[in-house]
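Everything on this sheet refers to the single structure shown next.
Computed from a predicted model, the values in this text were never measured in an experiment. Reckoned from all heavy atoms, side chains included, excluding hydrogens, waters and symmetry mates. So you know, we letter chains A, B, ... as the sequences are listed, proteins then strands, and number each from 1.
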Amino acid sequence: MPYLKDHVIGKTRSICPICGRQLPAQRVRRGEDILLEKSCPEHGDFSTVIWRGRLNINSWTCGNEPLGDDYNPNCPYDCGLCRHHISDTCCVLYEVTRRCNLHCSFCFAEGGAGEDISIDKIKRDICDIVRPGQTFLQLSGGEPTVRDDLPEIVAYAKAQGCKFLQLNSNGLRLAEDEQFVRQLAEAGLSFVFLQFDGTRDDIYRKLRGRELLEIKKQAIDNCGKHHIGVTLVPTLVPGVNTNDIGNIVRFGISRVPYVRGVHFQPVSYFGRYPAPPANEDRYTLSELVADLGQQTNGMVNITNIAPSHCDHPLCGFHSSFIAMEDGRFIALTKPDSEGCCCGVTTAEQNREYIGRRWSRPDESEIPAAVPSEAGEPDDLDEFLRQAKTRAFTVTAMAFQDAYNLDIERIRRCSLHVYADGKFMPFCAHYLTLGGGQ
Amino acid sequence: MERKLVCARCGKTLENKETYFAYFGHQLHTDLPCCPQCGQVYVDKELAEGKMRNTEAELEDK
Amino acid sequence: MGWKKMFGRKKLPPFPRDFWLEEMEQARDDAAALIVPPEYQGRLKYLFFPGCQLGASDPRYPQAVYQLLLRAEPATAMWLSCCGAPSYWVGEIEQYRSVQAEQHQQWESLGRPQVVLACMSCKKIIDYVLPDIQPLTVYEVLADSGLQLPLYPQLPELALADPCMSRDEPQVRQAVCTLLERMQVPYQILHQDIHTLPCCGFGGNIEGPNLAAAQAAAQRRISSEERPILAYCVNCRDVFAGAGKQSLHIIDLLTGLNGLERPTPHLSLRRDNRRLAKALALGGEKEEFLGISLEISEETARMMDESLLSADHIRRLIARAEQSGDYFIDEQQIHIARLPLCGVTIWAEYRPLGGRQYQLISVYFHRMEVEKTDEAAGK
């Protein structure tokens, strides 16, 4: 229902995208959109769309505690996790290189050329990061696979007691060097987050500068053969691949059990990006949820999608399924309709949940297959087997940039980047001021 | 390994029969010992704490 | 009396003496209850005082006897507590005097009704210290009433064991015989010469300092006896049952509650039993399952804690299973049954010990619902 005038639905704090100073901010409903608005005494007014109709934002964020008076006036610059930070570390992201073998128009890490970090420094950092039996570590970059010693890094992290080891990669080397994949598997890599922007090469040409679809498929196969789980990670840019969402999901399902899920990332403007964003260049979480429902014919839709519980609800969502061999797609996530005390998951719980879902299951845990009759209830053993081997998640993470940074969200972030001995929320670490050039 | 059980009410020895479970809208089946007369089903501790608990965890999305 | 001197001279450690004081405290405190029929408030005729051991032995006893008395006389209240004898026996005279003072005050505030006792030790001490109370026993009241009682002509001959505290109570002994005759119970008095009636081993709490002596006393009392023992002191009954004899309490005959094979609950269970007796008295008939007595291992109890399962869940499970016959039996005579609740089904494996006592062997649960098999569902 359209509103005749602006309606302030919440107050929080943000920063000026040019100079970075902390500013009071408001969430304003204008028509069907919700915008984050703030005013810098030096650089003027800023208004960034954060939600576009189609879903009720209050239902989505129900149970979340709004920002009160107890915030850090220097957030996010005091980071290294100040005492106002609410969430424990769920995952640690660590850059093992700044080099890359692609030059994409969008890159949160501004990857490129440069000297490599010494393996000794990496090992020291890993020692600092890892809490034995608990840590979920993401190796990132640049492109980590440009390092020949990556298997050694993985093995070292495992030896220090890393519980889950994830590799963020564009998949080029994984596709072309199966031996390397085998080494990573033997070293103990748990799963790969494979950049995967769509099922058409025009998408890759636009976003990454070359055709990559066949390479992505090969990377999936190689990882699959060596029992490394693969999660497809599309960066969603309006007008480029937001109409390919349904196809991406179906592609992922067709590659089960090699592919364990799809993790959508609506484009965010930090690191390197082509030009300062207009609101038309943004794709919000609400649109993603609605488009998922539409483009998958309701297979993945609001009734089986749950907002982030560990992180702030506006930071993402998760949804779990079993992609049965006979084609049934069984939804497991049942979000509470009224929200509220359903609430908050600990970082540890979150870590275990996603770690297990993204990993290929331990072979020894899987009972032997029992043929099922179509239409009949599943045999218990068979159901368990497929639940473990054919699990599929649809998740999303909406990163923040200087335009839509919300202190209320950032203080609940559980994805922490380790750099210079400190842990910082992802969006604080990669924050870019001044227009991104 | 198989425990020999008798139904107290009917006096019959339990026999393995196809049994159905329901949880969160899903129906599953497996063979379980039950009384051939009154149909009471026996669930042993290993099953309850093993496969059933695993399946419940999957269906509860935990 | 020896206790008083020994403790006074500091020759006895506080434990196990304090165990009996704790028993008394529990009976007077968290297991205490006063049940007064509201319509007879202020004009009570009888106050039934079962004593602290009746409910400890079988939690259903006090309520069952109370129900009988109510049939004979509706204006009857029941007070679950302790007469204070343990404190007297261990020489805590100050404590004993304060217990007695409280009791006297309670009796006054209820309008000085006729106190009706079930225990001869209570009677002895109240007669001695509070002579204005003039208590009767429940056996005399029932013998004088015109109540219809169950008949037992088929019973084997029972050996009637008078308790030590009945030595100077010919009316009580006579009332018991009258009741037995009315119920057509074949019996013979075990010890004819009342003046040399030996102790069963319970009195004076000598179990603590000298268990062997207590057990020897019990044996002396009944070892040569082949017939089942009938007692009207619950402690005698429990001591004899503990010594391996088939033993009944006259209440079992009056109410039909137990047969000959009821074992003696362990000391640690007696406190639970008192609490159950209180719950039964307050809750009435529908709390029937509380009368089930459970033995649960430490490990199982811990697991139950973690899963938020209580002993009451197990009691309900067992009561339901045993009443309906819906349980399985294995080759070791272990019973296996379930209790369907909302959202979870609890299973327990347990061994019946006789009476209403059960040993819990294992407990587990599942949330998935299991449906009956097709064939049977069609029946």
Q: Mind checking side-chain hydrogen bond (donor to acceptor under 3.5 Å, both in side chains) for Tyr42(B) and listing every partner two or more places apart, or none if nothing turns up?
A: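 In terms of side-chain hydrogen bond (donor to acceptor under 3.5 Å, both in side chains), with neighbours along the sequence ignored, Tyr42(B) is linked to Arg3(B).
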Q) Which answer fits Thr345(C), side chain, backbone, both or neither, if we ask what part of it has an atom under 4.5 Å from a heavy atom of chain B? A)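 Contact with chain B: none, neither part.
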Would [X] and [Y] pass as an ion pair if we require N to O under 4.0 Å?
X	Y	value
Asp31(B)	Lys17(B)	no
Asp58(C)	Arg237(C)	no
Asp305(C)	Arg302(C)	no
Asp326(C)	Arg9(B)	yes

**Q.** Interface residues of residues 357-365 of chain C facing chain B - heavy atom cut-off under 4.5 Å
**A.**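 Against chain B, the residues of residues 357-365 of chain C that fall inside the cut-off (heavy atoms, under 4.5 Å) are Ser362(C), Val363(C), Tyr364(C), Phe365(C).
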Q | Winner by heavy-atom pair count (cut-off under 4.5 Å) against chain C, out of Lys45(B), His29(B), Met52(B) | A |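 The candidate making the most pairs under 4.5 Å is Lys45(B).
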Q | Pick from Leu28(B), Val43(B), Leu5(B) with the largest number of heavy-atom pairs that fall under 4.5 Å of chain C | A |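 Result: the option with the highest number of such pairs is Val43(B).
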Q: Select one option (side chain, backbone, both, neither) describing which atoms of Phe21(B) are under 4.5 Å from chain C's heavy atoms.
A: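 It is both, since atoms from each part get that close.
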Q.
If I measure from the heavy atoms of chain C, does Leu14(B) come under 4.5 Å with its side chain, its backbone, both, or neither?
A. side chain
Q) Does Glu369(C) have any salt bridge (charged side-chain N to carboxylate O under 4.0 Å, His left out) partners at least two apart in sequence or in another chain, and if so, which? A) none
Q) Excluding sequence neighbours, so at least two apart, what forms salt bridge (charged side-chain N to carboxylate O under 4.0 Å, His left out) with Glu261(C)? A)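 Testing Glu261(C) for salt bridge (charged side-chain N to carboxylate O under 4.0 Å, His left out), a comparison that skips the adjacent residues, returns none.
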Q) Taking atom CG of Asp44(B) and atom CD1 of Ile336(C), what is their separation to the nearest 0.5 Å? A) 9.0 Å
Q | Spacing of CD1 belonging to Ile292(C) relative to CZ belonging to Arg60(C), to within rounding of 0.5 Å | A | 9.0 Å
Q. So which of Glu331(C), His366(C), Arg367(C) has the biggest tally of heavy-atom pairs under 4.5 Å with chain B?
A. Arg367(C)
